[in-house]
Amino acid sequence: MMTDPIADMLTRVRNAQRAQKKTVAIPYSRTKESMLKVFAEEGYVGDIAVEGEGASKMLRVTLKYFDGRGVIEKLDRVSRPGLRIYRGKDELPRVNAGLGVSLISTPQGVMTDRAARALGQGGEVLCTIY
């Protein structure tokens with residue numbers, strides 16, 4: 001049994017990029033899919049494809065590189081099952097002086113810290129990426 005599937009997803013992406021892999025396979029969940037879509041919109045990963053059916057459903061993520069180095073410099077989990085981190089709209093973290101992104105789980109779905117501030121929404125801080 002896995003206690004933190006989001007941390008597992010982030011670790012798979014981090015490890016695959018360090019190993020210079022072109023793609024990485026991640027077990028499917030709607031939350032992971034929405035997080036990866038935000039990563040793709042922000043330019044940190046390439047295409048995201050859903051493969052398989054039922055329990056064997058997987059997310060296939062294409063990783064991005066620039067000059068032989070991974071686009072993702074740092075990828076950290078913030079909120080975790082043992083210690084959930086919630087922030088209001090005025091307390092959302094700014095990552096690397098605005099150069100990075102925090103993913104926030106809000107009632108309107110998973111979005112960046114900038115989008116959550118624009119909507120006036122707070123929520124659970126899932127991870128940071130830059």
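Being a predicted model, the structure only gives us computed values, none of them experimental.
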> Under a 4.5 Å side-chain heavy-atom rule over Ile, Leu, Val, Met, Phe, Trp and Tyr, are Met35 and Val78 clustered together?
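No.
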> If I compare all heavy atoms of Val95 with all of Ile129, which pair ends up nearest, and what's the gap?
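Closest approach of Val95 to Ile129: CG1-O, 4.2 Å.
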> Going by heavy atoms in the side chains, are Thr112 and Val38 under 4.5 Å from each other?
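Side chain of Thr112 against side chain of Val38, heavy atoms only: contact under 4.5 Å found.
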> Could you tell me whether the side chain of Ile72 reaches within less than 4.5 Å of the side chain of Val45, counting heavy atoms only?
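Result yes, sub-4.5 Å side-chain heavy-atom pair found.
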> Salt-bridge test for Asp113 and Arg94: reply yes if a basic N is under 4.0 Å from a carboxylate O, no otherwise.
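No, this pair does not count.
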> Starting at CD of Glu73, measure out to OH of Tyr44 and round the result to the nearest 0.5 Å.
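If we round to the nearest 0.5 Å, Glu73:CD and Tyr44:OH are 9.5 Å apart.
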> Might you point out which heavy atoms bring Gly122 and Pro107 nearest each other, and give the distance in Å?
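Scanning both residues completely, I find the closest heavy atoms to be O-CD, 4.2 Å.
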> Return yes if some donor-acceptor pair links the side-chain N/O of Arg117 with the main-chain N/O of Asp90 below 3.5 Å, else return no.
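Side chain of Arg117 to backbone of Asp90, a donor-acceptor pair under 3.5 Å: no, none is there.
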> Can you tell if the side chain of Tyr65 reaches within under 4.5 Å of the side chain of Gln17, non-hydrogen atoms only?
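Yes, at least one pair of side-chain atoms sits under 4.5 Å.
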> Treating Ile, Leu, Val, Met, Phe, Trp and Tyr as nodes and any side-chain heavy-atom pair under 4.5 angstrom as an edge, say whether Met111 and Leu126 lie in one connected cluster.
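No, because Met111 and Leu126 fall into different hydrophobic clusters, even though each may have its own neighbours under 4.5 Å.
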> Under 4.5 Å between side-chain heavy atoms, hopping through other hydrophobics if needed: is there a path connecting Val110 to Leu92?
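As far as the 4.5 Å side-chain criterion goes, Leu92 and Val110 are not connected within one cluster.
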> Hey, does the side chain of Ser79 reach the backbone of Ile85 with a donor-acceptor pair shorter than 3.5 angstrom?
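A pair under 3.5 Å: yes.
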> Quick one: pull up CZ in Phe39 and OG in Ser34 and give me the separation to the nearest 0.5 Å.
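Interatomic distance, Phe39 CZ to Ser34 OG, rounded to 0.5 Å: 10.0 Å.
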> Run through Ile104, Leu10, Val101, Ile6 and flag the one making a side-chain contact (heavy atoms from CB on, under 4.5 Å) with Cys127.
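With Cys127 as partner, Ile104, Leu10, Val101, Ile6 yield a single side-chain contact (heavy atoms from CB on, under 4.5 Å), made by Leu10.
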> Between atom NZ of Lys32 and atom OH of Tyr28, what is the distance when rounded to the nearest 0.5 Å?
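Separation between the atoms: 10.5 Å.
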> Identify the heavy atoms of Phe66 and Val71 that sit nearest to each other, and give their distance.
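Looks like N-CG2, 4.3 Å.
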> Can you tell whether the side chains of Lys37 and Glu42 come within less than 4.0 Å, N to carboxylate O?
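Result for this pair is no, no salt bridge flagged.
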> Can you tell me how far CG of Asp47 sits from CZ of Arg60, rounded to the nearest 0.5 angstrom?
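These two atoms lie 12.5 Å from each other.
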> Check for a donor-acceptor pair, side chain of Arg14 on one end and backbone N or O of Ala16 on the other, with a separation under 3.5 Å.
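Side chain of Arg14 to backbone of Ala16, a donor-acceptor pair under 3.5 Å: no, none is there.
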> Going by heavy atoms in the side chains, are Pro27 and Arg12 under 4.5 Å from each other?
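They are in side-chain contact.
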> Would you mind reporting whether Val50 and Glu33 have side-chain heavy atoms less than 4.5 Å apart?
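When only atoms from C-beta onward are counted, Val50 and Glu33 do touch, with a gap below 4.5 Å.
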> Check whether Ser56 reaches the backbone of Gly52 with its side chain - one donor and one acceptor, N or O, closer than 3.5 Å.
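No, the answer is negative, given that no donor and acceptor are paired below the 3.5 Å cut-off.
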> Side-chain contact, heavy-atom cut-off 4.5 Å: Gln121 with Gln108?
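They are in side-chain contact.
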> Should the heavy atoms of other residues, nucleotides or ligands under 6.0 Å from CD of Glu91 be counted, would the total exceed 12?
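Yes.
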> State yes or no: do Val125 and Leu83 share one hydrophobic cluster built from I, L, V, M, F, W and Y residues joined by side-chain heavy-atom distances below 4.5 Å, directly or via other members?
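Yes, Val125 connects to Leu83 through the hydrophobic network.
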> Measuring only between side-chain heavy atoms, which start at C-beta, is Arg77 closer than 4.5 Å to Asp4?
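Heavy-atom side-chain distance check passes, below 4.5 Å.
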> Ser102 and Pro93: which non-hydrogen atoms are nearest, and at how many Å?
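So the two residues come closest at OG-CG, 3.5 Å.
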> How about CG on Asn96, more than 12 heavy atoms from neighbouring residues, nucleotides or ligands closer than 6.0 Å, or not?
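It does: Asn96 CG has more than 12 such atoms within range.
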> Drop me the distance from Arg69's CZ to Lys64's NZ, to the nearest 0.5 angstrom.
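These two atoms lie 16.0 Å from each other.
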> Any side-chain heavy atom of Leu36 within less than 4.5 Å of one from Ile26?
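Heavy-atom side-chain distance check passes, below 4.5 Å.
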> Can you tell me how far OG1 of Thr23 sits from CG of Leu59, rounded to the nearest 0.5 angstrom?
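Nearest 0.5 Å value for the CG-OG1 distance: 12.0 Å.
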> Does atom CZ (Arg84) have a neighbourhood of more than 12 heavy atoms from anything else shown, all under 6.0 Å?
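Counting neighbours around CZ of Arg84, more than 12 heavy atoms of other residues, nucleotides or ligands fall under 6.0 Å, so yes.
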